[in-house]
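Convention: sequence-line order gives letters A, B, ...; per-chain numbering from 1. Heavy-atom basis, side chains included; hydrogens, waters and symmetry copies ignored.
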2 protein chains.
Amino acid sequence: MPVPGDQWQQGRLATAVVVLPEGTTPTGTRGRVLHAALGLFAARGFHGTSIREIGAAAGINSATLYGYYSSKELILAELVLIGHRELHRRLLETVAEVADPVERLTALVRTHVLVHTDFSLLSVVTNSELHVLSAELAAPSLALRAASEQLRLDALTDGVRDGSFDLSDVRLAARAISGMGQRVGNWFGPGQDHTREQVAEAFVCFALRLAGHRER
Amino acid sequence: MPVPGDQWQQGRLATAVVVLPEGTTPTGTRGRVLHAALGLFAARGFHGTSIREIGAAAGINSATLYGYYSSKELILAELVLIGHRELHRRLLETVAEVADPVERLTALVRTHVLVHTDFSLLSVVTNSELHVLSAELAAPSLALRAASEQLRLDALTDGVRDGSFDLSDVRLAARAISGMGQRVGNWFGPGQDHTREQVAEAFVCFALRLAGHRER
DNA sequence: GTCTATAACTTGATAGAC
DNA sequence: GTCTATCAAGTTATAGAC
């Protein structure tokens with residue numbers, strides 16, 4: 001029965017550690033259920049994981065799960081929302097009161113990458129299992145995703161306006177930048193020979209170049 | 001019962017058309033089964049799709065499927081292999097006898113993007129359901145994937161050597177470039193306001209900038 | 001809170017008629 | 001080739017004892 005912090009390796013991802021953001025995440029048995037589901041959903045997908053497996057991984061009987069979550073879908077919904085909340089919260093935090101568009105893009109990319117290295121399993125679940133949720137359960141996460149995308153768009157648009165960036169299509173640039181960051185969750189792990197900081201710094205450099213950054 | 005060419009919209013992807021590469025793909029009923037599975041796997045995932053749904057979408061009874069494929073996993077295996085083969089074949093084709101690293105990277109990114117726009121559903125299945133396959137069935141696709149990645153690495157490495165590119169870590173650059181291209185399959189579709197060519201040209205520009213391209 | 005037991009249903013796959 | 005019928009196993013979720 002894996003507990004938070006256990007190594008986890010299977011299927012679609014590099015070896016990774018089962019961790020969730022602190023503070024906003026349930027503790028106790030409910031927290032163990034969430035961590036167990038995180039590892040399993042990341043490795044095998046929502047439909048590839050059974051309630052019984054989640055229970056076993058959390059060290060309880062599958063029936064006991066229903067004392068904490070009234071359906072399997074609600075476990076996924078909580079994970080997906082935690083993932084989107086954490087990313088959006090940290091993106092907001094890093095650009096708060098940063099006026100310069102170049103500094104803003106730098107901070108956004110750096111944070112985006114670090115969230116994907118630090119919570120790689122959560123990122124994989126958040127990005128690749130969201131589609132399983134009903135429209136109602138997916139809505140809040142989709143809103144957060146759109147808000148995060150808007151932060152990137154704003155930085156790029158402002159930078160083009162003041163001449164820091166050189167782009168003919170900021171939307172495509174925003175998609176390219178977020179795409180390269182999103183994939184980090186799929187290959188980054190403890191077995192890696194890059195540190196989280198190295199990846200973040202490299203990707204910041206890539207994003208600035210991609211945006212046509214030049215000194216004004 | 002959707003047939004090849006039908007529009008398809010659900011869950012994790014933009015509206016897209018169910019198409020497979022011509023020539024190398026089965027025709028007749030076997031082809032219809034493959035197209036049906038492609039649309040369903042892309043939208044709901046392998047484990048989220050039942051044999052009965054595939055049969056219904058192909059216009060035959062689920063039992064009849066087993067005359068063409070002896071297991072559900074083998075349908076996925078064929079799709080995933082077709083996807084990896086098509087990408088690798090077209091990448092090889094575009095760089096054949098191209099000596100200049102800049103031209104090679106340009107061709108690789110352009111083709112990579114176009115394969116993801118033209119076969120977006122296949123790209124989604126190929127990238128996000130490969131992990132479901134047993135090691136034996138996944139092996140040939142993984143080999144093709146590694147070979148494709150090597151083409152990018154070679155172009156970048158050669159470009160750094162002759163001074164066309166400026167990179168301190170070609171592996172991270174290759175991952176960033178392939179990451180931004182891979183995501184194209186998830187958002188590109190007929191409802192889009194960019195053409196396939198616009199996306200390809202923009203991403204080529206992004207990749208060259210990212211690689212630190214400069215005239216020699 | 002946690003368990004055993006089980007209901008109600010769906011799953012992948014097969015047998016055998018036509 | 002295609003179907004109907006069916007199997008055995010697995011699924012989510014619930015009822016009720018402790």
message: Taking the ring centre of each residue, are H112(B) and H116(B) less than 6.0 Å apart?
response: yes
Touch class at under 4.0 angstrom, heavy-atom based, for S62(B) against every strand present: nothing
statement: Note: for T64(A) and R52(A) on DNA chain C, the residue whose nearest nucleotide lies more 5' is T64(A)
query: Where the side chain of Y66(B) is concerned, which of dT12(D), dT2(C), dA13(C) is the nearest nucleotide?
result: dA13(C)
Of the listed nucleotides dT12(D), dA13(C), dA5(D), the one nearest the side chain of K72(A): dT12(D)
Atom [atom1] of [X] and atom [atom2] of [N]: how far apart are they, to the nearest Å?
| X | N | atom1 | atom2 | answer |
| --- | --- | --- | --- | --- |
| L65(B) | dA13(C) | CG | P | 10 Å |
| Y69(A) | dG1(C) | OH | C1' | 16 Å |
| I54(B) | dT10(C) | CD1 | P | 17 Å |
| I75(A) | dT12(D) | CD1 | C1' | 11 Å |
| I51(B) | dG10(D) | CD1 | C1' | 15 Å |

query: Does a sphere of radius 6.0 Å around CZ in R90(A) hold more than 12 heavy atoms from other residues, nucleotides or ligands, not counting ones at 6.0 Å or beyond?
result: yes
- line: The residue, S50(A) or N61(A), whose nearest nucleotide of DNA chain D is more 5′ is S50(A)
Phosphate-side-chain proximity, Y68(B) and dT2(D), N/O vs OP1/OP2 below 4.0 Å: yes
- request: Could you grab the distance from atom CG of L167(A) to atom CZ of F206(B), nearest 0.5 Å is fine?
  value: 6.0 Å
Heavy-atom closest pair, residues H88(B) and L144(B): ND1-CD2, 3.5 Å
